[in-house]
Amino acid sequence: MELHLHEEAACHRADLTLKDFKSGVEPIWCPGCGDFGVLQALQRALAANGRPPHEVALVSGIGCSSRLPAYTSAYGFHGVHGRALPVATGLKLARPELEVVVVGGDGDGYSIGGNHFMHACRRNVNLTYIVMDNRVYGMTKGQPSPTTEADWDSDIAPGGVGVSPFSPVAIALAAGANFVARGFALDVKPLADILVAAMKHPGFSFVEVLSPCITFRPEEMDWKKAIKRNAIQTTSDRKAAMAAVMGADELMSGIIFEGDRPAYGQAHVAPAGMAAIEGEFIVDPAA
Amino acid sequence: MELHLHEEAACHRADLTLKDFKSGVEPIWCPGCGDFGVLQALQRALAANGRPPHEVALVSGIGCSSRLPAYTSAYGFHGVHGRALPVATGLKLARPELEVVVVGGDGDGYSIGGNHFMHACRRNVNLTYIVMDNRVYGMTKGQPSPTTEADWDSDIAPGGVGVSPFSPVAIALAAGANFVARGFALDVKPLADILVAAMKHPGFSFVEVLSPCITFRPEEMDWKKAIKRNAIQTTSDRKAAMAAVMGADELMSGIIFEGDRPAYGQAHVAPAGMAAIEGEFIVDPAA
Amino acid sequence: MRSSIAICFAGSGGAGAITAGSTFLQAAARAGYYGLMTKLSGAQVRGGEAAALVEIGVEPLDAQPDRFDVLIALDWDNVGKFAPEVPMDSASIVLADPAAGKPAEAIIATGARLVDFPLAQLASDVKGRGNMIALGAAAALAGIDSGAVEQSIRDLIGAKGEAAIAASLAAVAAGAEAAQSIDSDIRLRPGHPGRRWFGSGNEAIGLGALRGGVRFVAAYPITPATEITEWLAPRMGAVGGRAMLAEDEIAAINMAVGASFGGVPSMTVTSGPGLSLKVETIGLAISAEIPLVIVDVMRVGPSTGIPTKSDQGDLDLALTGTHGDAPRIVLAPMSIADCALTTERAVHLAEALQTPVFVLSDQSLGQTQTIIDEPTRRAEPMTRAMESDKSGADFRRYQPTADNVSPMPAPGVEGRQWVAEGLSHDEFGHPSNAARFHVAGLNKRRDKLENHDYGDIWGEVTGEGETVIVAFGSSVGPVKEAARRLREQDVAIKVVGLRLLAPIPKKQIADAIEGARRVIVVEQNHTGQLYRHLLGAKALPAEAESLARPGPAPFRPGEIAAHIA
Amino acid sequence: MRSSIAICFAGSGGAGAITAGSTFLQAAARAGYYGLMTKLSGAQVRGGEAAALVEIGVEPLDAQPDRFDVLIALDWDNVGKFAPEVPMDSASIVLADPAAGKPAEAIIATGARLVDFPLAQLASDVKGRGNMIALGAAAALAGIDSGAVEQSIRDLIGAKGEAAIAASLAAVAAGAEAAQSIDSDIRLRPGHPGRRWFGSGNEAIGLGALRGGVRFVAAYPITPATEITEWLAPRMGAVGGRAMLAEDEIAAINMAVGASFGGVPSMTVTSGPGLSLKVETIGLAISAEIPLVIVDVMRVGPSTGIPTKSDQGDLDLALTGTHGDAPRIVLAPMSIADCALTTERAVHLAEALQTPVFVLSDQSLGQTQTIIDEPTRRAEPMTRAMESDKSGADFRRYQPTADNVSPMPAPGVEGRQWVAEGLSHDEFGHPSNAARFHVAGLNKRRDKLENHDYGDIWGEVTGEGETVIVAFGSSVGPVKEAARRLREQDVAIKVVGLRLLAPIPKKQIADAIEGARRVIVVEQNHTGQLYRHLLGAKALPAEAESLARPGPAPFRPGEIAAHIA
Ligand SMILES: Cc1ncc(C[n+]2csc(CCOP(=O)(O)OP(=O)(O)O)c2C)c(N)n1
Ligand SMILES: Cc1ncc(C[n+]2csc(CCOP(=O)(O)OP(=O)(O)O)c2C)c(N)n1
Ligand code: SF4
Ligand code: SF4
Ligand SMILES: [Mg+2]
Ligand SMILES: [Mg+2]
């Protein structure tokens, strides 16, 4: 098999539908979990994006949300907790012609994986990163994450952790992310539109998705009513975007920022080759 | 030895001088390294702060800058690369009456330690964190860090890494840090003043210090001229602070932001005790 | 009459199988029995099928049962998936509601006798729930006093009010009544009523930590260890300590190290993947001589493996995980009760020897709920050497001493400031590249562990015989039960349960196996990690045998007995 | 006339000791000799004292010398600190400038003969630098042709122009002239002029990686491994590959795993502390069967230890580091030349067996510069199985096969999409908790490594004798030199250099030690890690002996010979 190591104009296939991105594997998610909505939106977006399943790779860490890759028909990588972004970075740099999408949860991405998140924003490799933020560690049965409210009561932090949550979109903007959006899992169609835009955007695209955990945070089902759907004005001015998100309501959906930092570059292929490299070591008195 | 587990009004000793904070250990730093200035400013600030050396603990990771604790007469912890903040967090929570200061480099704090940095800003434990930022990994002989210019040439990244540096103060503000300042290593007195303010501030205080690496980045000696010393207007408005630092010149020194988020709380001591806990396990048919 | 029986309650999510099991277990406790309960769940995160596997007996129980006497199916929705974990045979009975459809194929294939049991009908007759019918039937079959059942129901659902209690009691009575007609003889001999201790290994570890003096714990959630931190979180405050939720496992261990440097006995808690992340800092704590307890509740590895199932495959990592030569103490509790003692001792050893100490538990010890006698065995306190008669320039943190333990004042003590150091260092703790200091440090850290007298914490020997089985952790229970059965067949067997895995208690092992004709090391992992460890240190003769078998299937006594016989 | 000599150039920072040493080494190469050079530096990050330890000889050199013939001090500023690393005796000479003050006590204490040598005066006479005077003197003492010295100077400082060259040459000549009056006989026998290969183990690992086909490397800087990535960074582009600087070691290994999943042979490079951080992901790569080369250039541990010095203490971690049972291949190069072959083979094995493969080098192999014959031995290419005749629902990523290696198509191949999985999984790669799939996976991953025929990569046997020394990595060189010397004293010795440390080449070891009267495992660490590894697997008889001694002091042939004799 020959591998194409350089990005190519990918041809767009107009005939793809959501069904083409379904795998036969049954999700382990609780009935009613917001992640079903994200899965559907993503499958829809991938169809619209027009790259066939075998040219798409979904990379994830560990958590309920990180189980997603197996539920699509694309290539997938279900790695260890918190390390999806570096895996995807390596994959994309080695195989730039693939469509690489990273998915995971708020624990995976903002807690253990926070450093990779920050550096991925900065590095700006052409990836799409979707965080299914339910403000809880679902898989481990309900502990507070970096986006959980300070007073949310749980076994591990009775009465709340006492630490205010941070704003993932503000961090992303501060770290240099070039496409920043927020979607809601149960607004499948608008979310799919955001995801299509994210995939089309060159460089690193970050999509924070509010995705209710019906089991450990049933109150998040109220987001259906609370989400403000047209309150965001997309801007290409990072400062303005930052001003708009700092201290603002985190329940607004839409594309917040789309900038024009160039994506992380291609490797230079200098015409040298192995022979020249081997020669560097030689000491030859005759020469 | 009895340990005081609860914060006490520390008494201020007016008789302390810089000399009281010197240890006999000779720094391994290259002659002319900016870190000498930071050491001096810190010793001065500790004297002004008025806590005697044995009530102070300096915690660091690994790097040239992280060698600092041994050069003072305080208690010290020279840990592993990138993990100074969690060590200090544990120490401060276990012994709230100590003055805990964390020091290290840009590699230690922003690269491998970036996640702890972000979470320390958010958690707001009463620590002072000083990063000696020379925009390079000094100890490993000159590789680019997250604050190195995109085009800075080095062996490991010929022609530059091609990734724009991030702004540590912007990240700190986005992550929730409550005291954010920037100092310059060779402006010893003003830096000492900033450090005194940082120590006095309740909650997490972050001081980014521009500290030239004379060996691998000799051009940084030009900072002496380039630093803008009175260009920063301290604010308690996080949004305003963010607007002021985003995209702005990183060579301005001063206190950027001082907010009033409450510091991470004390543990509640509920009057229960071991007997009640032991009793929870008992099933007694007679009871 | 039987001395122990095993019953499985199973059904789809929400059917209440787990509630039936817990209530049954508690009732058995009140009736004077001992018991164990394991919970099973399907692949779904929540709301999927569930089963409670309960074994109860007249004497304390050491191991999961080989087979189940009764399975009560609340319905058949996916219950067949549990078949490999609920071994049954022709002597077993399955209570199945004809109204719930055909029993699962895999259950039928066991050969167990199917008994029609109209659960739904009975429940609707008394306006109760099927799981309480099942509870009543089980209690009746086992011969558990209805007063004990009633008391347990009052304890567990008392808060819901008298009407709820009455409905449950009516259902229990109906179930018991209906069970009269079942042809079965699994009644237990009478129990020995008295105070019992009810809890899991995870809780017992929490208790041992508090008893030992741990006042700071930091962790990142991970199955099956999270419950320890969750149990400790509210209780730490009650004893003046603190529990921290960290951003990741590396932060967690470093927080604990920082707190310990501050003079406060500290602990971190994790399972395999988290332990892998902690090994760099473990090396730091070893090198800088910082006391620390590391609890690893092992699950099936490698990698994410099977988070909810048990295995003993982290031993290698506990013994040598970190770069460079870094000796540490590794302890493993041999039973749920022993989790408390072992953890308490771990704290003492960490403090007294200024070193990380592992407590190697596993999912099976950690999450099994048990009814046992109160774990009253306690360890003699040992504390950290903080005082020094030297100060100022004379104070040497790593000063050589007879027992290789040096004074470790905590910050706040005047005149004895020192810097904890992961670089190779001299006696003051100053970094040094000199071979003599480096080698002295390596020797000091080895010798302080190897020369310490661990007393009877090293392990336990039970029985006599020329066949000796050596085991650790959760394998000890099934091994002891296997030995008991073999003894009934007149096979003399000695069991050496090792609590101290490092440093290896060579002399005690040598004494225990002296004159043995056959030595077999039993452990639940794929590559015989304990066996290799002991053999590599010449703590066993080269002819010693290995019986190593990985999880997720639990070790059954019958399996071990069959191998040995 | 001598067959080898050892010279040390030392002085304060900026005095040019390292330049003198390198030029001397290169000149020796041109004159037909072989050689080794080790650099020493003081505690300061830069600008502190430095020394170049150079050994040259008529035949290829296997080890650091036991003693030095000559020390040339450019000044005495802190040079005494190097004394423990520059062993000398009464037959050694020290060239010291009387104008530079009294020689260091520690140097005088060696008993070496002090020779007044007016470096500063000579230099000022010819308006040259003292280090070039030293170079001239050393070349004259060794008997190296002045043409070779001139050629090396032209190579190294040619860019500075003819005036600089002329000044250097004048200084060299003056030094050589002044050396005539020194009473010394360390002239070498004539060399065998010819093409030589000049480089370090770190560079050779880079070369081997490129030869093997690695086209993606990701790393985080760490001494003494950084140079590998620095060497590769500009050269990766030249072969169509890519080098990435990651934000930490965990990111680095995950990037490499991602690239490898993409079908591109990948590598990560680190030293001890970084390896500790990578072990979680190593378990993932093992479980998901992802090819990966992991280079660990060992330094003195535990923890931060001594970053600039050598030790073989990461073996335990390489062998079993990660939670759970996770077999991997561990290779160790036995010499600098062997770094290229071993790394090339590591790439092939990783690709062919779809598994992480370790290359365990160390600071001493990595940073020593050497003059050797060109390392032309290459490994037969082996590649990844990417094709499958099944597709769609029939395609099984982990399909059982005779050699336990399954097809691994890369993304982009139509109809064979699969998901790499760290959870226990079935043949399709779907997560499963079932014991049968879990155990099948463990067996598959063990068997594919154990049943593979590694051919002659397993190791090398030299010599014959009833005494057998087993060693690995950088210990093999000094062991071979010790054996050579013992043979000169008519002690027959066989040396078994192990390149394949896991899976253990049991049969080959058994053959090699058959009939041995004495078997000794030699390694540079504190606890005999290789010894315990082999003993625990019964790859050695119980009577085998261990000679384990930690860094930072290099293993000297004389030390090993003395132990054995
Ligand atoms: C190294 C490591 N630490 C911890 C865990 C346990 N763990 C699994 S998922 C998870 C958090 C899941 O939270 P999130 O990423 O928000 O996903 P969700 O389940 O909420 O979708 C944790 C802590 C693990 N598998 N590996
Ligand atoms: C886990 C680990 N990774 C890498 C290293 C190697 N290392 C030591 S210091 C350092 C970076 C130092 O940079 P910085 O923190 O900026 O400090 P500086 O030397 O510039 O003051 C690195 C990568 C290490 N010691 N441990
Ligand atoms: S636990 Fe929460 S996040 Fe996980 S599957 Fe259930 S609803 Fe979804
Ligand atoms: S290398 Fe740079 S940072 Fe390190 S001591 Fe020297 S000047 Fe300072
Ligand atoms: Mg979540
Ligand atoms: Mg730096």
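All figures in this text were calculated on a predicted structure; none of them were measured in a lab. To find a chain, count down the sequence lines: A is the first, B the second, and so on, and within it residues start at 1.
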D:E414 side chain near A:E55 side chain, heavy-atom distance below 4.5 Å: no
Side-chain touch A:V87/D:M255, heavy atoms, less than 4.5 angstrom: no
Heavy-atom proximity to chain A below 4.5 Å, by part of D:A256: neither
Under 3.5 Å: donor-acceptor pair, side chain of D:Q417, backbone of A:A74: no
Side-chain heavy-atom pair A:H54, D:P409 within 4.5 angstrom cut-off: no
When D:E203, D:R384, D:R235 are compared by non-hydrogen pairs under 4.5 Å with chain A, the top option: D:R235
Salt bridge (Lys or Arg N to Asp or Glu O under 4.0 Å) contacts in which one or both residues fall within residues 278-294 of chain D, not counting sequence neighbours: D:E289-D:K444, D:E289-D:K448
Nearest heavy atoms of D:A238 and A:I277, plus distance in Å: CB-CD1, 4.4 Å
Value rounded to 0.5 Å, distance of CZ in A:R95 from CZ in D:F261: 9.5 Å
Shortest non-hydrogen contact between A:A70 and D:V419, atoms and distance: CA-CG2, 3.9 Å
Evaluation steps, side-chain contact (heavy atoms from CB on, under 4.5 Å), between D:E247 and A:R123: CA-CA 10 Å; D:E247 58 269 34; A:R123 198 175 277 124; 2.7 Å; yes
Residue part contacting chain A, namely of D:F198, when any heavy atom lies under 4.5 Å: both
Selection from A:P53, A:A57, A:S23, A:P69 maximising heavy-atom pairs under 4.5 Å formed with chain D: A:P53
Proximity breakdown for A:Y71 and chain D, heavy-atom pairs closer than 4.5 Å: neither
Residue selection (most heavy-atom pairs with chain D, distance under 4.5 Å) from A:V80, A:L85, A:I62, A:T89: A:V80
Winner by heavy-atom pair count (cut-off under 4.5 Å) against chain A, out of D:G199, D:G258, D:G32, D:A204: D:G258
Flag, side chain of A:Y75 to backbone of D:V413, donor-acceptor distance under 3.5 Å: yes
Heavy-atom proximity to chain A below 4.5 Å, by part of D:D155: neither
Region of D:I372 that comes under 4.5 Å of a non-hydrogen atom in chain A: neither
Side chain / backbone / both / neither for A:R122 at chain D, heavy atoms under 4.5 Å: neither
Heavy-atom proximity to chain A below 4.5 Å, by part of D:L423: side chain
Residues D:E421, A:F77; criterion side-chain contact (heavy atoms from CB on, under 4.5 Å); working and verdict: CA-CA 7 Å; D:E421 185 56 80; A:F77 194 104; over 6 Å; no
Portion of A:V283 that has a non-hydrogen atom of chain D nearer than 4.5 angstrom: both
Interchain contact, D:R416 with chain A, by part (heavy-atom threshold 4.5 Å): both
Winner by heavy-atom pair count (cut-off under 4.5 Å) against chain A, out of D:L210, D:T383, D:I253: D:L210
A:I282 side chain near D:W197 side chain, heavy-atom distance below 4.5 Å: yes
Side-chain heavy atoms of D:R211 within contact of A:E278, under 4.5 Å: yes
Chain D-proximal positions within residues 103-117 of chain A [heavy-atom distance under 4.5 Å]: A:N115, A:H116
Under 4.5 Å from a heavy atom of chain D, the part of A:A88 involved: neither
Exam field: side chain A:R83 to backbone D:N254, donor-acceptor pair closer than 3.5 Å: no
Side-chain touch D:M244/A:Y264, heavy atoms, less than 4.5 angstrom: yes
Residues, nucleotides or ligands: over 12 heavy atoms within 6.0 Å of A:E26 CD: no
Over all atoms of both residues, closest heavy-atom pair of D:G194 and A:P285: O-CD, 3.2 Å
Residue pair A:G265 / D:R242: nearest heavy atoms and the distance that separates them: O-NH2, 2.5 Å
Atom of D:G262, atom of A:L91 and distance for their closest heavy-atom approach: CA-CD1, 3.4 Å
Chain A contact via D:P431 - side chain, backbone, both or neither, heavy atoms under 4.5 Å: side chain
